[in-house]
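Data first, discussion second: the structure below is written as structure tokens.
Atoms within a ligand are numbered from 1 in the order they appear, just like the ligands themselves. Quick caveat: nothing in here was measured; it's all calculated off a predicted structure.
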Amino acid sequence: MRKTFQAHCPRCDGERACEIHGALAVSWDWSDGRNSVNGQNDHKLARCCGCKEVFYHKSSWDSEDWEGAYHPVTGEEIITFPAKTLTYPAPEKKSQKPDWVWGISKIDPQLHSILDETYQAYEVGSFILASVGLRTAFDRATELLKIDPGLNLEEKVQELRDNGFIGETEAMTLGVVANAGSAAAHRAWSPNQQEFQTLLTTLEQFLHRTIVSGKSALNIATKIPARPPRPKKPKTPKTPPP
Ligand SMILES: [Zn+2]
């Protein structure tokens, strides 16, 4: 068992028990002959026991940064040096990103990057960029589902329907998501926050069902043989059997 310590995990953003995978304590002091300052930096490579994120943790104090208090009973002066902590990465700002989106990085790093940037744009209120992100994520997801990237939007939605990835209603709502992305990209159309949230929820449901929990569907898609070219329509209508 590795030694653990309590630290603020930058990913799940809370006080957690964290494994110590490496530690180095470096104390320092400085003096000009009359005055001196000293302190210590405790470096750790840590891994959160909750979410398994690996991060760097530094706790430091120095003699210039102190707090004085008096003992409540004896009245004796007590000097403490509060520790400052720093982690890399720094704790993320409260994210709109659902936790399962993390898992997409293992399935397709490119889709994860697109989504990551989309949520970042959303969180700072850049709805035009975020809408373009939704459309880009939709295109990437359809590519993962083996839909021909050369198809236009309507054809992609149609293919998704024909291949059983989505139903009638979802075909309509996803069409809106993709259209909104095009309108944002080509006509600088911007949804408001509420509209964007609706589009985002639609795409999230689609991604979660087809890419995350539908990994089996993905596996199936790779096994489906390519469509044979369509036979040319006969020039004369077939005569019905007698
Ligand atoms: Zn964590």
Return yes when atom CH2 of W66 has more than 12 non-hydrogen atoms of other residues, nucleotides or ligands closer than 6.0 Å, and no otherwise. no
Please find out if the Zn ion (ligand 1) and some N, O or S atom of C9 are separated by less than 2.8 Å. yes
Applying the side chain to side chain donor-acceptor pair (under 3.5 Å) criterion to Y122, which one of K97, Q197, E117 satisfies it? Q197
Checking side chain to side chain contact (heavy atoms under 4.5 Å, CB included) against K156, which of D148, L145, D139 comes through? D139
C12 N/O/S atom closer than 2.8 Å to the Zn ion (ligand 1): yes
Angle subtended at the Zn ion (ligand 1) by SG of C51 and SG of C48, nearest 10°: 110°
What verdict does the salt bridge (charged side-chain N to carboxylate O under 4.0 Å, His left out) test give for R140 and E143, after you've listed the backbone C-alpha separation in whole Å, the side-chain angles of each residue and the deciding distance to 0.1 Å? CA-CA 5 Å; R140 180 64 190 160; E143 216 172 309; 3.3 Å; yes
